[in-house]
Every structure is written in C-alpha cells, then in structure tokens.
2 protein chains.
Amino acid sequence: MLQGVIENNANYQPGLSIDCVIFGFHDNQLKVLLLKTPFESKWSLPGGFVPIDEDIDTAAVTVLNVRTGIEGIFLRQFAVFGKVKRNDKHFNDTVLDYLKIPQQEVKWFTQRFITIGYYALVDFLKAVPQKGNHQETISWIDHKEVPELILDHKEILDKALDTLRTELNLMPIGYNLLPEKFTIPELQKLYETILDRKLDRRNFLRKITHIGILNKLDEKKSNVAHKAPNLYSFDTQKYQEVLKNGLNQGW
Amino acid sequence: MLQGVIENNANYQPGLSIDCVIFGFHDNQLKVLLLKTPFESKWSLPGGFVPIDEDIDTAAVTVLNVRTGIEGIFLRQFAVFGKVKRNDKHFNDTVLDYLKIPQQEVKWFTQRFITIGYYALVDFLKAVPQKGNHQETISWIDHKEVPELILDHKEILDKALDTLRTELNLMPIGYNLLPEKFTIPELQKLYETILDRKLDRRNFLRKITHIGILNKLDEKKSNVAHKAPNLYSFDTQKYQEVLKNGLNQGW
DNA sequence: TTCAAATGTGTTATTATGAAGCAATGTACT
DNA sequence: AGTACATTGCTTCATAATAACACATTTGAA
C-alpha cells in the first residue's frame, strides 16, 4: 500500500487503502506481484487509495490495471485488515522525507489506516509489471519464496492464498491464470500449487473433465520432453455457468 | 449504520462504519435483528463507527454486544460496501436536525461512507434486543418478511445470507443459533431456511450424524404434537475441529 | 379406539471417489 | 535402428457417498 505520492489528500478517502494480491502462474509456479522501493529493505503488495468519488471496486481495478496493464481481470475482495497498530510504525521520518511529503500532510499519512484486501488472478504472459516510478522495483515472485514484507502484508498475502484455497472447492479456477491453450498436467500443477499437496493424475483428469468446462483441442503441446500432452481450452459459456452456480453443492 | 450520535468525531475513523447482520433462529424461522428510528419510515441494520484506537473486529463485537447483550458470539466479516453513492441521500436536514448534529459536524456525517459488513449468529433466547435510545425500535424480523431498509442495507443483508449459504457447504452451523439441546428436525429446518429448499429428512439425518459433531442425548423433547423427537447437543470439541478443518474437501 | 402427522430405521440403485494397472507416445542414449 | 525411460491417456475395481423411497413407531387429537 501507499506507493506513489498522491496529488491532493482531500480527494481521497481518509484512513483507507486498498492492497492487491495479484497472482500469476508460470513455470508451474504460483507467482505474486510484489514491489520494492529503494528506501526500504522490505517488499510490499501493490496498493493505492480510494478517490472519494470512486467505488472501492473501481479503485481496485485501477490499481490492478496500473500495475499489470490488463483489463477485465478476475478481481475479488476478500478481507479487511483493520488492526489499530497495523501501520503506526510505517511512516517514519526517513520515509516521509523520501516521499517529500509536505509537513501539513504528514498527519494524513500517519493516521490509522484500514486496508481492503483484493486478490486478482491474471494471465502471467499478458501481464506486464508496471513500475510506479523509476526507482521502484516490481516483479513476479514465487509464492514459496516471498521475502519479508512491510506492515501486515504477509498476513494479507496468506489470507488471500487461504481464500483461494477455499474457493477452489466452490468454483473452477484456471481461466484467468492460464493461457488460452493449456494442458491438463499444467492445470493440475496449478491446483496442486494452490492446495500445496499432490493429486492423483488419473483421478484429477476424470474429475476435471467431468465438470464440463473443458474443450479438448485437436492439438498437442509441442517442444516437450516425453509424450506430448493434449491441449485444452475453457468452454467460457459453461465456465461462467459453473462459476455462478458453484460446484460441490454440499447439501 | 449511523444509529446514535457519537460523542466526538475526532475519536472515530472518518468515512468508515460497521453494519451487523445479526441472525437468530426461532419458531423455525431465521430472524434478523433490525432497528427503526421514529424519524424514518425505513428500517436499518444495527451498526456503528470505528474508534480510531480500536481494531475493526473489536468495534464489531461492541456493536453486537450493545445490541444483544451477548458475548463470545460467532461474528464474521463478510464484505465491504463502498459504492460512491451509497449514503449521499441519507443525511438530509430532517435527520440531521433530529439527531441534533451541530453545524460544524454535519460534514463529518454527510461525507462518503464505506461500511464493513459483519454477520453474527446468536442464540435467539439468550439475545435480548437492546434499544439505543427510548425512541428507537429494535426487533427480530423473519428474514422472509424484511421491510424496506435504508441505504444499501438490503444488499448487505442479502449478501450476508448468501455468504451464510455458501459457508454451510464449508463448515457446520447451528452451535451458535440453536439452544444447547435441540432436535434433528429443528437443525434441518435451520438448514432448509438458510438454503431456501427442502431436504430429505432421512438423508439429512444420516449426513449430519455422520459428520460426528452431535451427541445423542438420552432425552426426548416434551410437549410436542406427534411423536417426540430425540434431543441432541453439539460435541463442542469435534465441532470446533470441523469448523477449523472444514468439511467437503472438494479436492 | 382410530387417525393423522411426525419421527426413527432400513433398502436399493446410482454416482462419486481413491487406488492402481497398462498401453501409447515422444525423448534420449547406445 | 533399437532400447530405456518418463510422461500421458484410458481403464478397472473396490469402496464410500448420495438420492429416492418403504415401513414401522410414537404421540396428540378426534
């Protein structure tokens, strides 16, 4: 959160920020888009503030669009983080100085902040990480190798992953994370990564195809070692239906 | 939201409120605790503001405690509502006058508000609706007969119910809504009410007992028409376990 | 005493799941 | 070219979960 100086405090909702956990999938790894400013040793989630004349969801879309260049992405609010002490150590003099915050606006930045967590699923290859300014670093980091994060961003990230893991039981996932054409083993790796455990190849195939959201293409993946796996695409129509109605109706 | 005048604006998080959807179960009906002030024709959800020195969850617990007198309740954050125009028509002159808001504080109340939705599950018989002031009305209303609500409170209520419906597939429910001793048909009615559809008696019994969270008591319900149903209680130990680990692991 | 309405228990057919076998395919190496 | 090997795709089998339904039991009321 709080990257980039904002123009006029009065135009933004006070004490409220948005943080986005942006997931991508590449090389069989679940990646997260993280930022680092030169004046801090820790990384952070991309975030922003909420303009007083913008819906919070719109503000979140903006953050995402600014950071990935993608539009029409899967974006979902998952939790609000509002512990009293979550940001009271964040804006010390060094940081305020670096950001060139005028004295009269210091109070605005150091006030108690509540942040709304959004998580996004994006196509790794379509998303081009966008720096906010020339000194910033932004990059995809394997979720297993996330460095130390500022504030409670680790907690936010963990909660996002946990939410994703739960939602895997309620809806299909993959349409937003995989390229248009993909293989079943790739999809399985995605599931395994999110769930953090191995699944049986053969049972996975049966179960995933049985949902009825996949189109088997008349094409195989090329340039692979061993047997070439078949390519699939999502049946967007049915995918949306299942997304809406959910799977695994327990009762 | 926004019931009861607050003492000093500066002590509260600006532009942020909390609204609670408090569910109870009685007479085989799912009830919601709603408020009405005499100066408005519409009802509203109980809510409040967030003191700047309090965690948001704590503030929500306070709202709940003030309204029901109960502590240690099941309370869960489920969504944030942050449309720009959600409260711009709310504080007109009549309302501001009724609340005796001083001129210099009007701006605080009419600013754009974002609200965090919490839903609570409480034991109907233990909860005693508490009025905020002598002119307020507070009462349990069947969720099927909810009157017109202020602002976007209907949307908030619907979303809460929808969340509850989804969570039914992920965790057991009932411990917080039913008295200590209850019958299977009662529990089934609760499930049916939340899901808004009939379930097969016999299959429900098999499935619910199979989870392993129920203790069959050596006691039958008295003073009932027809055959007296057996009484059950929850095995709190196992209930908490299942609550933590979830049920219906889809993958 | 009989009836109606609800509860408690059991049966059966179908479907979903977990575990595992085996042939087919493509790469790499001899 | 021939063989080893990793990986994919399809299948079987035993078991568990689910849906649909039958029947006997209990209780208050007619």
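On a predicted model such as this, the values are computed, not experimentally measured, just so you know. In what follows, chains carry the letters A, B, and so on, assigned in the order in which the sequence lines appear, proteins first and then strands, with residues in each chain numbered from 1.
Going from atom CG of N203(B) over to atom P of dG10(C) covers 15 Å, rounded to whole Å. Atom-to-atom, NZ of K198(B) to C1' of dA6(C) comes out at 13 Å; the value is rounded to the nearest Å. At whole-Å resolution of the value, CZ in F204(B) and P in dA6(C) are 17 Å apart. If you measure from atom CD of E219(B) to atom C1' of dT7(C), you get 17 Å, rounded to the nearest angstrom. Computed from coordinates, the N223(A) CG to dG26(C) C1' distance equals 12 Å when rounded to whole Å. The nearest whole Å value for the distance from the CG atom in D200(B) to the P atom in dT11(C) is 16 Å. Put simply, CG on L199(B) is 11 Å from P on dA20(D), counting in whole angstrom units. N248(A) places its CG atom 10 Å from the P atom of dT18(D), with the value rounded to the nearest Å.
Axis orientation changes by 0° from one end of the helix from dT1(C)-dA30(D) to dT30(C)-dA1(D) to the other, with each end axis drawn from 5 pairs and the value rounded to 10°.
Counting only distance, with no hydrogens or angles, the side chain of E186(B) and the backbone of T183(B) share a donor-acceptor pair below 3.5 Å. Under a 3.5 Å cut-off, the side chain of Y239(A) and the backbone N or O of P172(A) do form a donor-acceptor pair.
Looking at E136(B) and K131(B), no side-chain N of the basic residue comes within less than 4.0 Å of a carboxylate O on the acidic one, giving no salt bridge.
Separation of atoms CD (E167(A)) and CG (L243(A)) is listed at 9.5 Å; rounding is to 0.5 Å. One finds the CG atom of L34(B) at 11.5 Å from the OG1 atom of T137(B) (value rounded to the nearest 0.5 Å).
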Measure all distances between protein nitrogen or oxygen atoms and nitrogen or oxygen atoms of nucleotides 5-10 of chain D, and list the pairs falling under 3.5 Å.
{"residue": "dT8(D)", "atom": "O2", "partner": "K227(A)", "partner atom": "NZ", "Å": "3.2"}
{"residue": "dG9(D)", "atom": "OP1", "partner": "N230(A)", "partner atom": "N", "Å": "2.6"}
{"residue": "dG9(D)", "atom": "N7", "partner": "R201(A)", "partner atom": "NH1", "Å": "3.0"}
{"residue": "dG9(D)", "atom": "O6", "partner": "R201(A)", "partner atom": "NH2", "Å": "2.9"}
{"residue": "dC10(D)", "atom": "OP1", "partner": "K216(A)", "partner atom": "NZ", "Å": "3.1"}

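Every residue meeting the ring pair (Phe, Tyr, Trp, His ring centres under 6.0 Å) condition with W140(B), not counting sequence neighbours, appears here in chain and number order: F124(B).
Residues L33(A) and P46(A) share a closest heavy-atom pair of O-CD, 3.3 Å. The two residues D19(A) and T115(A) have their closest heavy-atom pair at OD2-OG1, 2.8 Å. Between G174(B) and L190(B), the shortest heavy-atom distance links the atoms CA-CD2, 3.9 Å.
Among the nucleotides dA17(D), dA19(C), dT18(D), the one closest to the side chain of R206(B) is dT18(D). For K207(A), taking side-chain heavy atoms from C-beta onward, the closest of the listed nucleotides dA20(D), dA17(D), dT17(C) is dT17(C).
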